[in-house]
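Remarks on the structure that follows.
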Amino acid sequence: SQQGEEDPQALSIQEGENATMNCSYKTSINNLQWYRQNSGRGLVHLILIRSNEREKHSGRLRVTLDTSKKSSSLLITASRAADTASYFCATDGEAGTALIFGKGTTLSVSS
Amino acid sequence: ETGVTQTPRHLVMGMTNKKSLKCEQHLGHNAMYWYKQSAKKPLELMFVYNFKEQTENNSVPSRFSPECPNSSHLFLHLHTLQPEDSALYLCASSHTGWFENTEAFFGQGTRLTVV
């Protein structure tokens with residue numbers, strides 16, 4: 001069953017602009033994670049935010065978590081062409097044993 | 001290189017064939033997963049293994065048969081597949097699959113085409 005759902009489904013921006021992606025989920029969570037996938041490849045972990053955290057930074061990435069609204073956002077600042085990829089949020093499944101992913105946001109950064 | 005290796009990278013098989021996908025990790029993780037990624041669909045969790053024991057089977061058809069002989073290796077045996085089973089099959093591993101998930105490491109995937 002799908003837990004996270006990203007918004008928008010697709011995003012096109014110019015290099016140097018900021019990109020914001022949102023994720024909504026349905027059940028209570030222990031943590032929420034964001035992953036990146038280049039076309040046809042495996043997923044790469046970006047950042048994990050725990051349910052008792054509200055904001056986390058990693059380089060050009062900023063993640064927020066609002067457990068009352070069951071939502072999270074991923075902000076990529078000063079985007080680069082190399083940031084072009086699909087981005088997924090993932091949360092604990094209902095059984096708590098594995099990550100459940102949303103459909104992802106496809107980000108395209110043009111130079 | 002994530003430390004999770006999947007073979008083969010590409011596989012074309014007929015509907016009557018039997019083939020196996022292999023996944024190997026030497027990260028010391030105790031949880032391993034199979035996911036299916038079809039076009040325009042979310043990643044679908046298929047199977048979860050914790051300490052070699054299958055802990056989750058997400059209503060996967062019996063034509064997909066997982067095997068986990070040890071904590072480092074995971075197989076997905078395929079037989080009498082359908083064209084709609086064509087997808088990218090991703091293996092992942094993590095330190096633990098219980099209660100609180102840590103970071104998952106993914107392989108590059110096997111692109112499967114059923115003809």
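Labels below follow one simple rule: chain letters A, B, ... track the order of the sequence lines, proteins then strands, and each chain is numbered from 1. Not measured: the values here are computed from a predicted model.
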- Message: So which residue, B:Q6, B:E44, B:Q108, ends up with the most heavy-atom pairs under 4.5 Å with chain A?
- Response: B:Q108
- Item | B:L11-B:M15 co-clustered via ILVMFWY side chain contacts under 4.5 Å | yes
- Message: For the CZ atom of B:R9 and the CZ atom of A:R41, what is their distance to the nearest 0.5 Å?
- Response: 5.5 Å
- Indicate, with yes or no, if B:L45 and B:F64 share a hydrophobic cluster defined by side-chain heavy-atom contacts under 4.5 Å among Ile, Leu, Val, Met, Phe, Trp and Tyr. no
- Heavy-atom contact with chain B under 4.5 Å, split by part of A:Q37: side chain
- Within a reach of under 6.0 Å around CD of A:Q9, are more than 12 heavy atoms found that belong to other residues, nucleotides or ligands? no
- Query: Between atom CD of B:Q37 and atom CZ of A:F101, what is the distance when rounded to the nearest 0.5 Å?
  - Reply: 9.5 Å
- Note on the structure: In this structure, CD of B:E103 is separated from CD of A:Q33 (nearest 0.5 Å) by 7.0 Å
- Message: Would you say that more than 12 heavy atoms from the other residues, nucleotides or ligands in this model lie under 6.0 Å from the CZ of B:R63, or not?
- Response: yes
- Note on the structure: Closest non-hydrogen atoms of B:P42 and A:K103, given as atom of the first, atom of the second and distance, are CG-CG, 3.4 Å
- Query: Linking I/L/V/M/F/W/Y whenever their side-chain heavy atoms sit closer than 4.5 Å, directly or via other members, would B:F51 and B:F75 fall into one cluster?
  - Reply: no
- Query: Linking I/L/V/M/F/W/Y whenever their side-chain heavy atoms sit closer than 4.5 Å, directly or via other members, would A:Y25 and A:M21 fall into one cluster?
  - Reply: yes
- Minimum side-chain heavy-atom gap B:F106-A:V44 below 4.5 Å: no
- Message: Within this structure, what is the CG-CG distance for the pair A:L43 and B:L90, rounded to the nearest 0.5 Å?
- Response: 6.5 Å
- Determine whether B:F105 and B:W34 fall in the same hydrophobic cluster, where Ile, Leu, Val, Met, Phe, Trp and Tyr are linked whenever their side-chain heavy atoms lie under 4.5 Å apart. no
- Message: Are the side chains of A:L99 and B:Y35 in contact, using a 4.5 Å heavy-atom criterion?
- Response: yes
